[in-house]
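So you know, we letter chains A, B, ... as the sequences are listed, proteins then strands, and number each from 1. Below, each value reflects all heavy atoms present in this structure, side chains not excepted, and no hydrogens, waters or symmetry copies.
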Amino acid sequence: MDEQTSEQKLYDFWEKAGLFKADPKSSKKPYSLLMPPPNVNGDLHLGHAMQQSILDAVARFKRMQGFDVLLLPGVDHAGIIFESTFNKELAKENLSKQKLGYDSWMKRAWKFKEKIYNSFHNTWTFLGISADWSREVFTLDPKIQQATFVEFKTLWEQDLIYKGAYIVEWCPKCNTAIEDVEMEYEERKEKLYYVKYQIQNNNVIPAEAGIHGSRIISQRLIVFWTKYGMTDQFITIATARPETIYADCGIAVFPNHPKFAKFIGKFAINPLNNNQIPIFEDTRVEKDFGTGALKITPGHDPLDFAIGKDHNLPILHAIDKLGKMTDLAGDLQGLKIAEARAKVAEILEQNGTIEKVEEYTHSVPVCERCKTTVEPLISEEWFIKMKPLAEKALKNLDKINFLPKNYDKILGDWLSGIHDWCISRNLWWGHRIPIWYKGNQIQVSKDSPGEDWVQEEKVLDTWFSSGMWPLSTLNWPSSAKASEGKPDKSDELEKYFPWDFELTAPEIKYLWIARQIMLSLWFKDSIPFKNMFFHGTLRGIDGKKFSKSLGNGINPYDLVQLWGVDATRMALYSYSAPGRDGRTSRQIIDERCRNYRNFGTKIKNIYRFIYELKPKEIATSPTAPRNDISTTLGTDVIAIRQLPEKQSHIDNKKILEELNKTINDVTKNLESFQLHLATETLYEFIWHKFADVYIEKSKDRRAEAQPVLEYVFQTCLKLLHPFMPFLSEELWQKIAPGESIMTKNWPKTI
RNA sequence: GGGUACUUAGCUCAGUGGUAGAGCGCUACAUUCACAUUGUAGAUGUCGGGGGUUCAAAUCCCUCAGUACCCACCA
């Protein structure tokens, strides 16, 4: 507990001294790091702690190297996940979106957001993150609202935004569209019906068959076919959802189907309503599934929707948003899906169009909240045409240094096969789409264009705003305009963009990273960041992801309480190899933390030995703190190093050479963001070379060794500072009261 | 189905062409010494299997097997 408060004190000291602040007016070269904004949906977990510790180490390193460092923090409103989390909270009080209504729901949502926000700040502070808090941004802040609006308006004016039909997953019970993340999959045993569709023969369809009539007397079909010798004149399809047959609009078969190819271009007859539906080829139909023919129901299936779109089929709905049959189903209108399915099966059985029924186990998407089977439904949504943006990104991908390297190719592949981005969401939490309607008129506007204009109810996809994060956090577009007028050196966008360093978890490489690259190039004609670091994911010991529901998460706060911040950070760096996942458990992470806690203790003892237990006869040596102790000492040590062999002890030369090597290695490893190697090098040098060997042997010749002891130790503190900020600062201030190690220069070799 | 990685000491992982490494654990010894949150010494591995390239392969290539993740899909 004592340690915690002393760390808090140091943190306050740094903040008050303004050491975290970037200075756009500074003449120093800029180095900018963008914090990936965590989602406001719960406490920060161990993965966040690792991510932020990496970020902080790089920032502290660059500051000491003499850069004007901007580490810009922020938080993402995270539409879907936030709403889902928040609505679950409300459910505990037996409340819901519907019950509260828009205004009071929103009020409570902001309060909930504040609560999470505060917990984020605690975590950042106790981890020692040296971000410039005066510039902190939330994705719903006014300036981000403005940037998002300009983003939308520009794309709209460039004719890249359009409204189109789109399949959304609809939960009939919650009466809302739900997102992938809100879906679960359940293994269900269902029946797979093989249904025969008669082929229409233009020549021989007698009126008596009733094909053109209202509803055929189904039982008579088979009799009829047999009578006219047409028993092989049909296509069989397999379906698990026969009730959707009412909305069938076509039948697709895979190319060169041995049995069905001859029917291409003809029409099939819907066995439920006798509609004539076209038969055509499509490569998306799988040869080996079902019969190789697929009924196309664009209103109720995403694949069918896509196929239907390409073949200009209409979109019909047999099921409505409440999960009930529509008027398309005739007598079955109003029935629930399950009832309708049973009825349809009966009808098909009666009219002899069922070839066979198979037991069939497959996973069915269900709503995570109410476990109701989710129904795909067509809905009107907003899209961006991505092709031109992706093409520009593809051309510039090689300008970004990806770690690990192969992400260049992974993102490239994705960009090459890009499809349009659906940017609208049926949520309340987010940026409202700035579209206004009045009758048939449409306008893009931030505020109401006047009386009787109604705003689009949907909000924008979270990634639509966070995709602009690299620009909007630096006050784009207003600063862009300012700089167009007359160049101003203090302009922050010009100074800090593109960002020098960005890092994130690999699972959002497409959702976030690819979009940032596309949007930055589109709006600013520049890559958003120069170095893109994908860290690994911390997983459970079984290799599976940590998750709240499994309860296998590890709270960084617990570790910090037990082992201290610096030790926890060091343990996390040991997992920070780019792109490498780490398996861990509370026990294993504790082992590592304990090891680094011991390392910290070792360092404190080295300090005690060198400074507090300095023999009296050298107590007045010229190594007492001055303005810059390291410079002064460095001179002394250089002198020692340059002494001829006989006068300078061989151990001195050896340790100074090894220190040089350590400085080089640590610097190189930090420059290439290999923090796991940097910390390992330091650990090895300080403990096993400096303490175990040099210090031990120096005891016989203490006075002579003292300048070297001090020099090596001070250099180590500086090298250690990016990783163990608190311990290094605490000891530095004991050596040089009133100074901060943060303001010292990064060590150079001598 | 498409993609990406991983497989090295009992465990968790580094190392990516030149005599197998760390931490934890294990064994033995030491300890009034800055530090037992310690020190010294030690044991433990055909670097997933098989094949190839090379003077030389844990490291490069091919192949098989297992594991995990990402994306898509499940008529």
If you measure from the C1' atom in rU4(B) to the same atom in rG49(B), how many Å do you get, rounded? 22 Å
Does the plane of the ring in F402(A) sit parallel, tilted or perpendicular to the ring in F534(A)? Use 30° and 60° as the thresholds. parallel
Okay, side chain of R597(A), backbone of C593(A): is any donor-acceptor separation there less than 3.5 Å? no
Between rG25(B) atom P and D590(A) atom CG, what is the distance in whole Å? 13 Å
E243(A)/R341(A) ion pair, N-O < 4.0 Å: yes
To the nearest angstrom, the NZ-P distance between K509(A) and rU4(B) comes to 11 Å
Any idea how F723(A) and Y573(A) line up, ring-wise: parallel (<30°), tilted (30 to 60°), or perpendicular (>60°)? perpendicular
Scan nucleotides 8-16 of chain B nucleotide by nucleotide, 5' to 3', and note B when protein non-hydrogen atoms come under 4.0 Å of the base, S if they reach only the sugar-phosphate, - if neither. ---SBSSSB
Using the C1' atom as the point on both nucleotides, what is the distance between rG39(B) and rG48(B), in whole Å? 38 Å
On a whole-Å scale, what distance lies between the P atoms belonging to rU46(B) and rA34(B)? 44 Å
5' precedence on RNA chain B between R539(A) and I410(A) (nearest-nucleotide basis): I410(A)
Taking only Watson-Crick and G-U wobble pairs with both distances under 3.5 Å, what dot-bracket line describes RNA chain B, where [ ] shows pairs that cross earlier ones and | shows pairs with another strand? ((((((((.[[[[.)..(..]]]].(((((.......))))).....[[[[[..)....]]]]])))))))....
Do any N or O atoms from the side chain of T291(A) and from the backbone of T236(A) form a donor-acceptor pair under 3.5 angstrom? yes
Can a side chain N or O of K602(A) be found less than 4.0 Å away from OP1 or OP2 on rG39(B)? yes
Between rU44(B) and rG21(B), how far apart are the C1' atoms? Round to whole Å, please. 14 Å
Is the F599(A) ring parallel, tilted or perpendicular to the Y683(A) ring (thresholds 30°, 60°)? tilted
R241(A) or R597(A): which one's nearest nucleotide on RNA chain B is closer to the 5' end? R597(A)
Using the C1' atom on both, measure rC24(B) against rA65(B) and round to a whole Å. 30 Å
C1' spacing across the pair rC70(B) / rA58(B), given as an integer number of angstrom: 27 Å
For rG15(B) versus rA22(B), give the span between their C1' atoms, rounded off to a whole number of Å. 10 Å
Return yes when atom CD of E612(A) has more than 12 non-hydrogen atoms of other residues, nucleotides or ligands closer than 6.0 Å, and no otherwise. yes
Could you please name the option among rC71(B), rG23(B), rU38(B) that lies closest to any side-chain atom of Y510(A)? rC71(B)
Is the side chain of H535(A) donor-acceptor paired with the backbone N or O of L503(A) at a distance under 3.5 Å, no angle test? no
Acceptor/donor pairs from residues 413-421 of chain A side chains to any protein atom, 3.5 angstrom cut, sequence neighbours excluded:
residue: D413(A); atom: OD2; partner: K409(A); partner atom: NZ; Å: 3.1
residue: S416(A); atom: OG; partner: G412(A); partner atom: O; Å: 2.7
residue: D420(A); atom: OD1; partner: M386(A); partner atom: N; Å: 3.2
residue: D420(A); atom: OD2; partner: Y162(A); partner atom: OH; Å: 2.6
residue: W421(A); atom: NE1; partner: D461(A); partner atom: OD2; Å: 3.0

Please work out if D301(A) contacts a base, only the sugar-phosphate, or nothing of the nucleic acid, heavy-atom cut-off 4.0 Å. sugar-phosphate
Test item: side-chain donor near acceptor, N270(A) and Y246(A), under 3.5 Å: no
Give one of base, sugar-phosphate or nothing for Y407(A), where a contact means two heavy atoms less than 4.0 Å apart. nothing
Kindly indicate whether a cation-pi arrangement holds for K699(A) with F609(A), taking the cut-offs as under 6.0 Å to the six-membered ring centre and within 45° of the axis. yes
Across the strands shown, which category fits L192(A) at heavy-atom distances under 4.0 angstrom: base, sugar-phosphate, nothing? sugar-phosphate
Taking OP1 and OP2 of rC70(B), is either one under 4.0 Å from a side-chain nitrogen or oxygen of W414(A)? no
Specify the separation, in whole Å, of atom NZ of K699(A) and atom P of rC35(B). 8 Å
Could you tell me the separation between the CD1 atom of I686(A) and the P atom of rA34(B), rounded to a whole number of Å? 20 Å
Scan I606(A) against the nucleic acid and name what it touches under 4.0 Å (heavy atoms): base, sugar-phosphate only, or nothing. base
Would you indicate, yes or no, if rU4(B) has its OP1 or OP2 atom less than 4.0 angstrom from a side-chain nitrogen or oxygen of N406(A)? no
Counting only side-chain nitrogens and oxygens, does N605(A) get under 4.0 Å of the OP1 or OP2 atom of rU38(B)? no
Using whole Å, report how far CD1 of I508(A) lies from P of rC71(B). 11 Å
Which value, in whole Å, describes the distance between the P atoms of nucleotides rC62(B) and rG45(B)? 31 Å
Rounded interatomic separation in angstrom, taking CG from D413(A) and P from rA5(B): 11 Å
Base of rC24(B), side chain of Q587(A) - is there a donor-acceptor contact under 3.5 Å? no
Rounded to whole Å, how long is the line connecting atom CD1 of I418(A) with atom P of rG2(B)? 22 Å
Heavy atoms only, 4.0 Å cut-off, all strands: where does H688(A) land among base, sugar-phosphate and nothing? sugar-phosphate
For the pair made of CD in Q706(A) and P in rA34(B), what is the distance, rounded to whole Å? 13 Å
R569(A) side-chain N/O to P722(A) backbone N/O, donor-acceptor pair under 3.5 Å: yes
